[in-house]
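Labels below follow one simple rule: chain letters A, B, ... track the order of the sequence lines, proteins then strands, and each chain is numbered from 1.
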Amino acid sequence: MSCGFSTRLFNICIASLCKASKLERAEAIIIDGIRLGYIPDVVTYNTLIAAYCRFVGVDAAYSVLFRMKEAGIKPNVISYNTLISGATRDCLPTRSLDLLEEMLQVGICPDAWSYNTLMHCFFKSGRPEEAYMIFLDMISRDVSPSSTTYNTIINGLCKTGNTGRLGQARRILKELGESGHAPNIITYTTVMKCCFRSGKFKQGLEIFTELKSKGYACDTFVYCTVISALSKLGRIREANAYIDEMERVGIGLDIVAYNTLINAYCKEGKLDIAFQLLNEIEKSGLQGDEYTHTILVDGLCKMGDIDAAIRHVRYMEMSGYGSSLVASNSLIHGLCKVGQVDSAITLFNRLKLKDSFTYSSLLHGLCKVRRYHTAFRIMLACVRDGIKVLTSARRAVLDGLRSSRFYREEKKLNCYVAWTNCHDNLFHVVVTMFGFAAEHLFLSLFCASWKHFAEYNMHLPINNGRFKSRGISSVFN
DNA sequence: TTAGGGTTAG
């Protein structure tokens, strides 16, 4: 008994070292502990696995699993769930699936936690159809979905663009409650964020009112979501009121909350307060991240202080934040806005990575100063790279080419765009066919009982029989 | 000792 108590204390000590990322020290303590008679148990090793996943990587964590077995300690479901979580953090769906396979092979039954994490991994990797198949496997093995399962699916489908019936977000929440799976604060935050993401601000704010009226305690996630949405809408006074409320109810500010605040002040044009907050972050022992500085760069661009924005991007590069694509996009947009299109082109050419924002901003800037032929060349490169620009940017280039009598270029560009659209349509048909599965899940999720749903899905062609051990990987590869 | 929700740009 006393030995068990000592092991608990020993594990607490290891956990605190791991939390502070002092892995070498934790390992040394384990060796010293063994000499003194403290025998590490499965909790000790699981703590170490979690820390290696967080601070080093899943491969290093997996080697701990190996050492654990060598020491005669059998890994349990938490050991594997932790590794799957590590693979998810690094966005490695194949790896997480292999770990599930290994669990089954060594006779450890995956639980809801394992499946939820695995589904999240596939959603995070932009593969909702496979996440759906994981869900089917979960059902076929009689593992009951939990509230986390619902939240993972709602969030995953929303982030991968399958918003489905989210147009009726409040009804979804009501149906979830009626089905006996009461939504929790995470469900509310997820659905609210989905509304904001799809531009349904009114509905999102109604959900916020609803969760407050139902007595849910708002946490920093809820406040950040709402404050950010209000900032985007330009409703700064209300955003400020919630910032005050957050402080009043004693919610401490982490880096994401600080970034949200800085963004609100930038949107209001109060750059001085935004920079004061940056100092406050550093004084409080936190550290600004890529988001913090990107928000500041964008704020400076929006205020027309391009020189300061350029200086801040240089500061970011020198301070090890890397070159943020979002910050560069803000800068390109800002340079075009103040008429420095050549500088925008120089920056554009320097970028190794470009996206739709980069191209759209520069194309708009070029059209604004009637440099349609340059815009034509850049847009050709963009189409060839398979990047889609805003419809307004494409329209501006085509209209400009026609008005400047560059008919041959206009025709060529139109051909390219039509060809790409044709491919997109074909792709859309394929995606829709597979997407049926995800959509079906979504409809069933809120309309039918889980049991009925699972039985029904057993007859779907996409689920020809249950997944079997070793069979599951072959479905995905 | 393990999972799900929050912050940036056109």
>> Just so I know, are the side chains of Ile49(A) and Ser79(A) near enough to count as touching, which here means a heavy-atom distance under 4.5 Å?
In response: yes

> Would you say a side-chain N or O of Asn155(A) is under 4.0 Å from OP1 or OP2 of dG5(B)?
Replying inline: yes

>> Using OP1 and OP2 only, check whether a side-chain N or O of Lys124(A) sits under 4.0 Å from dG5(B).
In response: no

>> Categorize Thr117(A) for me: base, sugar-phosphate, or nothing, with a 4.0 angstrom heavy-atom threshold over every strand shown.
In response: sugar-phosphate

> When the distance from CG of Leu17(A) to P of dT1(B) is rounded to whole Å, what number comes out?
Replying inline: 14 Å

>> Let's see if you can work this out: which of dT2(B), dG4(B), dA9(B) has an atom nearest to the side-chain heavy atoms of Ile186(A)?
In response: dG4(B)

> Could one point to a donor on the side chain of Thr225(A) or the base of dG6(B) with an acceptor on the other under 3.5 Å away?
Replying inline: no

>> Just N and O in the side chain of Lys193(A): are any of them under 4.0 Å from OP1 or OP2 of dT7(B)?
In response: yes

> Do Cys18(A) and Leu48(A) come within less than 4.5 Å of each other through their side chains, counting heavy atoms only?
Replying inline: yes

> Between dG6(B), dG10(B), dG4(B), which one does the side chain of Ser356(A) approach most closely?
Replying inline: dG10(B)

> Can you find a donor-acceptor pair, distance only, under 3.5 Å between Asp219(A) side chain and dG6(B) base?
Replying inline: no

> For Asn46(A) and dT2(B), is the shortest distance between a side-chain N/O and OP1 or OP2 below 4.0 Å?
Replying inline: no

>> Rounded to whole Å, how long is the line connecting atom CG of Leu286(A) with atom C1' of dT7(B)?
In response: 14 Å

> Roughly how many Å is it from CG in Leu347(A) to P in dA9(B), rounded to a whole number?
Replying inline: 18 Å

>> As a test of reading the structure: which of dT1(B), dG4(B), dT8(B) is closest to the side chain of His120(A), going by heavy atoms?
In response: dG4(B)

> On a plain distance test, is the side chain of Ser360(A) in donor-acceptor contact with the base of dG10(B) below 3.5 Å?
Replying inline: yes

> Within the structure shown, what part of the strands sits under 4.0 Å from Ile295(A) by heavy-atom distance: base, sugar-phosphate, or nothing?
Replying inline: sugar-phosphate

> Between Ile84(A) and Trp113(A), does a side-chain contact (heavy atoms from CB on, under 4.5 Å) hold up when you go through it step by step?
Replying inline: CA-CA 10 Å; Ile84(A) 293 174; Trp113(A) 204 303; over 6 Å; no

> Quick one: is dG5(B) close enough that its OP1 or OP2 comes under 4.0 Å of any side-chain N or O from Arg197(A)?
Replying inline: no

> Looking at dT7(B), dA3(B), dT2(B), which one has an atom nearest to any side-chain atom of Thr82(A)?
Replying inline: dT2(B)

> Among the nucleotides dG6(B), dG5(B), dT2(B), which one has an atom lying closest to any side-chain atom of Thr220(A)?
Replying inline: dG6(B)

> Between dT1(B) atom C1' and Ile84(A) atom CD1, what is the distance in whole Å?
Replying inline: 15 Å

>> So Ala15(A), base contact, sugar-phosphate only, or nothing? Heavy-atom distance under 4.0 Å.
In response: nothing

>> Once you apply a heavy-atom cut-off of 4.0 Å, does Asn11(A) come out as touching a base, just sugar-phosphate, or nothing?
In response: nothing

> Between dG10(B), dT2(B), dT8(B), which nucleotide has the shortest distance from any of its atoms to the side chain of Ser228(A)?
Replying inline: dT8(B)

> Asp298(A) near the nucleic acid: base, sugar-phosphate alone, or nothing, with a heavy-atom cut-off under 4.0 Å?
Replying inline: sugar-phosphate

>> Categorize Leu363(A) for me: base, sugar-phosphate, or nothing, with a 4.0 angstrom heavy-atom threshold over every strand shown.
In response: nothing

> Starting at OH of Tyr52(A) and ending at C1' of dT2(B), how long is that distance when rounded to a whole Å?
Replying inline: 18 Å

>> Quick check for you: among dT8(B), dT1(B), dT7(B), whose closest atom lies nearest to any side-chain atom of Asn259(A)?
In response: dT7(B)

> For Ile207(A) and Cys195(A), which heavy atoms make the closest approach, and how far apart are they?
Replying inline: CD1-SG, 3.9 Å

> Could one point to a donor on the side chain of Asn184(A) or the base of dG5(B) with an acceptor on the other under 3.5 Å away?
Replying inline: no

> Would you say dG10(B) has OP1 or OP2 under 4.0 Å from some side-chain N or O of Lys302(A)?
Replying inline: yes

>> Classify the ring geometry of Tyr315(A) against Tyr321(A): parallel below 30°, tilted from 30° to 60°, perpendicular beyond 60°.
In response: tilted

> Do His293(A) and Ser324(A) get their side chains close enough for a donor-acceptor pair, meaning under 3.5 Å?
Replying inline: no

>> Using the side-chain heavy atoms of Lys159(A), tell me which of these nucleotides is nearest: dG10(B), dG6(B), dA3(B).
In response: dG6(B)

>> For a quick test of reading the model, state the closest non-hydrogen atom pair linking Lys212(A) to Glu245(A) and the distance between them.
In response: NZ-OE2, 2.7 Å

> Taking atom P of dG10(B) as reference, at what distance in whole Å does atom CZ of Arg395(A) sit?
Replying inline: 23 Å

> Under 3.5 Å, is there a donor-acceptor pair between the side chain of Ser85(A) and the main chain of Asn81(A)?
Replying inline: no

> Among dG6(B), dG10(B), dA3(B), which nucleotide sits nearest the side chain of Cys224(A)?
Replying inline: dG6(B)

>> Taking 4.0 Å as the cut-off, does a side-chain nitrogen or oxygen of Lys267(A) come that near to OP1 or OP2 on dA9(B)?
In response: yes

> Given dT7(B), dG5(B), dT1(B), which nucleotide is nearest the side-chain atoms of Val43(A)?
Replying inline: dT1(B)

>> For a quick check of understanding: with a heavy-atom distance under 4.0 Å over all strands, which category does Thr358(A) fall into, base, sugar-phosphate or nothing?
In response: nothing

> By centroid distance (under 5.5 Å) and plane angle (under 30°), are Trp113(A) and dT2(B) in a stacked arrangement?
Replying inline: yes

>> Please report the distance, rounded to the nearest Å, between CG in Asp90(A) and P in dA3(B).
In response: 13 Å

